[in-house]
Amino acid sequence: MEKLRIRGGRPLHGHVPISGAKNASLPMLAATLLTSDPVQISNVPRLRDVHTMLAVLQSLGADASFCGEAEVSVQADNINNLKAPYDLVKTMRASFLVLGPLLARFQFVEVSLPGGCAIGTRPIDQHLKALAALGATIELKEGYVTAEIDGRLRGSLIDMDIATVTGTQNALMAATLADGDSTIVNAAREPEIVALANMLNDMGADVEGAGTDVIHVRGKEALHGCTVTLMPDRIEAGTFLIAGAATRGCITINGGCHDLLDAPIAKLRQTGVEVTVDGDYIHLDTHGEQPRAVDIRTATYPGIPTDLQAQFLALNCVAKGTSRVIETIFENRFMHVPELARLGATIESDGTTATTVGVPQLYGANIMATDLRASSCLVIGGLVASGETVVDRVYHLDRGYEHIEEKLTAVGADIQRIDE
Ligand code: EPZ
C-alpha cells in the first residue's frame with residue numbers, strides 16, 4: 001500500500017501549476033456518449049478517477065483514451081453495451097453520469113446503483129426524478145437502475161428538490177437530445193456545470209442559463225463532435241492556497257481560476273494572510289505570520305465549497321484562536337477530525353460541526369486517509385507538523401490530485417511516496 005512520508009515544519013514557497021478540473025472532466029467525458037462523432041478534450045489530468053471514467057466508456061464500447069500528455073479522445077460510434085457494471089461504478093460514483101447520455105441517445109440504460117461512500121449515503125433520487133420527468137420508465141432491481149423510453153425523451157419541466165451537482169448534469173445531458181424544450185429548476189450553479197453546458201453547446205446543443213438555478217434546454221435530434229479545453233481545478237487551487245497559509249509560506253498559483261474562488265479567497269484574507277490576484281495568478285503571502293482561525297459554513301456555489309472544508313479545518317488547527325466549521329452538504333464529512341487529533345490538534349466534532357482551538361505546533365504521526373479531500377487535509381497537517389508524518393491510503397489522494405508530491409516538493413516540502 002503506497003503512503004506519503006512528510007517531514008513537516010517547512011513553509012511552502014514558490015509557484016504551483018494547477019491541473020485541469022477533475023469534477024469538470026468526469027461529466028464532460030460522459031457527454032461524449034451523446035454523439036457518434038469524435039470528441040477531443042485537452043488539459044485533462046492523469047487522475048485515477050479520469051482513468052476509471054475512460055474504463056467505463058471503454059466497457060460500453062467507446063474508443064476512449066489519452067492521445068497526448070493531457071489530451072483525451074473519445075469516439076462513441078460503436079456502443080455495444082448499455083450496462084455500466086457494478087465493479088466500475090462502485091469504484092467511482094461519478095460513473096453514474098453515463099445514465100443521462102445513454103438514455104437520451106439509446107432510449108435504454110442500465111447502471112449499477114453507486115451506493116454510499118465514506119462521506120455520506122449519496123442518494124441518487126434526484127437523478128431518477130429528472131429522467132422520469134423526461135418520460136423515462138425507471139426500475140430499480142438487484143442493485144441496478146434501468147431506465148428506458150419508447151422513442152425520444154420528451155422535453156419537460158424538471159423541478160429538482162435539491163441543487164445536486166451531478167444530478168443537474170445528468171438531467172442537462174439527457175435534455176439536450178429530448179424532443180422539445182426542458183427547464184431545470186433549482187439547478188446546481190457550480191462552475192463545472194457551466195463548463196459542461198459550454199461543451200454541450202459546442203456539440204450543437206442549445207443550453208441557456210447554466211450557472212444559475214434555472215437552465216433552459218432546447219432539445220435536438222443529434223449532437224456532433226467538438227474539441228474542448230478543460231477548465232482549471234478550483235479545488236486543487238484552493239487546497240494549495242490553504243496549504244500555503246497553514247505553513248506560513250508564500251505561494252503563487254498559476255492557473256486562472258481566481259474568479260471561481262471568491263469565497264475561499266475572502267475567507268483566507270480573514271485569516272490575516274495577504275492574497276492578491278494578477279491575471280491568471282493568485283499570490284498568497286503570510287509574511288511568516290501565524291494565521292487567525294476562521295469560522296466556516298460550507299454551501300453550494302458560490303459559497304465555501306464542501307470540498308475545501310477539510311483543508312480549512314487543518315488550517316484552523318494551527319491558527320490563532322478558536323473556530324467552528326459547519327458542514328451543510330454531506331452528513332459524514334468529518335472523518336479527518338480524529339486523524340488531525342493524532343497530530344496534536346485540539347479538535348472535536350459532532351455530526352455537522354467541528355470546533356478547533358488553535359495550537360502553535362502539531363507533531364508528526366502515522367495517520368490514515370479516508371476519502372479524497374480528507375487525504376489532502378492530512379497532507380496539510382503533515383506539512384505543518386514537526387517531525388515525520390506518514391499518511392496511509394494515499395490512493396484516495398490520487399483520485400483528485402495530479403503529481404501532488406512533485407508539486408509540493410517544488411515549493412519546498414519534504415515529501416516522498418513510499419511503498420510498504
Ligand atoms: C459533486 O458530487 C462532486 N463530485 C463532489 O466532489 C462535491 O463534494 C459535491 O458535488 C458537492 O459540491 C463530482 O462532481 C464528481 P451532490 P455530487 O449531488 O453531485 C444530496 C470531490 O471530493 N443528494 O451535489 O454527488 C447529497 O446526499 C467530490 O471531488 C440527494 O439527496 O454531490 C448531498 O447531501 C466529493 N439526492 C447533496 O445532495 C440526489 O439525487 C449534494 O450532493 C443527489 C444528491
Side-chain angles (χ1 to χ4, degrees), residues 19-31 45 47-50 52-53 56 89 91-100 111 113-133 138 140 145 158-173 184 186-196 213 230-231 233-239 260 263-264 298-311 326-333 335-336 351-352 369-377 396-402:
S19 301
K22 169 182 82 84
N23 287 350
S25 69
L26 301 177
M28 290 165 70
L29 285 167
L47 298 170
R48 280 184 65 224
D49 277 8
V50 170
T52 301
M53 183 59 92
V56 171
V89 177
T91 60
M92 185 187 65
R93 306 177 32 74
S95 317
F96 205 66
L97 284 164
V98 304
L99 186 79
V111 182
L113 281 164
C117 73
I119 64 177
T121 53
R122 311 293 295 275
I124 43 86
D125 58 296
Q126 298 299 306
H127 299 240
L128 304 184
K129 176 180 178 183
L131 300 183
I138 309 285
L140 299 180
V145 172
I158 301 169
D159 189 358
M160 310 294 272
D161 302 321
I162 291 176
T164 154
V165 174
T166 50
T168 300
Q169 290 166 339
N170 251 329
L172 175 56
M173 290 188 283
I184 305 171
N186 195 24
R189 296 179 286 165
E190 273 64 14
E192 292 74 22
I193 289 166
V194 177
L196 173 63
D213 60 354
L230 201 56
M231 63 181 275
D233 195 316
R234 62 191 171 101
I235 303 300
E236 183 193 21
T239 300
L260 308 178
T298 63
T300 56
Y301 191 83
I304 298 283
T306 175
D307 292 349
L308 289 179
Q309 174 257 103
Q311 299 91 315
I326 302 172
E327 172 56 57
T328 67
I329 305 296
F330 291 111
E331 67 266 29
N332 188 38
R333 204 168 198 178
M335 285 175 300
H336 38 283
T352 60
T370 51
D371 59 85
L372 168 55
R373 304 306 172 180
S375 54
S376 65
C377 150
H396 290 294
L397 199 65
D398 295 336
R399 296 190 53 180
Y401 292 94
E402 187 183 41

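Atoms within a ligand are numbered from 1 in the order they appear, just like the ligands themselves.
- Below 3.5 Å of separation, one finds an N or O of Asp307 facing an N or O of ligand 1.
- What sits closest to atom 3 (C) of ligand 1 on the protein, heavy atoms only, is Asn23 ND2, 3.7 Å.
- Summarising the geometry, atom CG belonging to Leu26 is positioned 12.0 Å from atom CZ belonging to Arg93; distances are rounded to the nearest 0.5 Å.
- Between Leu372 and ligand 1, no N or O atom pair is found at a separation short of 3.5 Å.
- Considering backbone and side-chain atoms together, Glu190 places no N or O closer than 3.5 Å to any N or O of ligand 1.
- Closest to atom 35 (C) of ligand 1 by heavy atom, among Arg373, Arg333, Arg93, Arg399, is Arg333.
- Around atom 43 (C) of ligand 1, the closest heavy atom drawn from Pro123, Gly167, Ala188 belongs to Pro123.
- Within the listing of ligand 1, atoms 36 (N), 39 (C), 40 (O) sit less than 4.0 angstrom from a heavy atom of Gln126.
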Practice problem: I would like to know whether Glu192 and Arg234 meet salt bridge (Lys or Arg N to Asp or Glu O under 4.0 Å); could you show each step before the answer? | Solution: CA-CA 10 Å; Glu192 292 74 22; Arg234 62 191 171 101; 2.8 Å; yes

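- For ligand 1, the polar-atom distance check finds no N/O of Phe330 at less than 3.5 Å from any of the ligand's N/O atoms.
- Of the listed residues (Lys22, Met53, Arg122, Glu236), the one carrying the non-hydrogen atom nearest atom 2 (O) of ligand 1 is Arg122.
- Only side-chain heavy atoms of Thr306 come within less than 4.0 Å of ligand 1; its backbone N, CA, C and O stay farther off.
- Near Ile124, the atoms of ligand 1 lying under 4.0 angstrom from a non-hydrogen atom of the residue are 39 (C), 40 (O).
- A donor-acceptor contact shorter than 3.5 Å links the side chain of Gln309 to the backbone of Arg333.
- Closest to atom 33 (C) of ligand 1 among all protein heavy atoms lies Ile329 O, 3.5 Å.
- Considering both main-chain and side-chain atoms, Gln169 never comes within under 3.5 Å of ligand 1 through any nitrogen or oxygen pair.
- A side-chain donor from one of Tyr401 and Arg373 sits under 3.5 Å from a side-chain acceptor of the other.
- Each of the atoms 40 (O) of ligand 1 lies under 4.0 Å from some heavy atom of His127.
- With rounding to the nearest 0.5 Å, the separation of OG1 in Thr166 from CD1 in Ile124 is 10.0 Å.
- When heavy-atom distances to ligand 1 are checked against a 4.0 Å cut-off, Ile162 comes that close only through its side chain, counted from C-beta outward.
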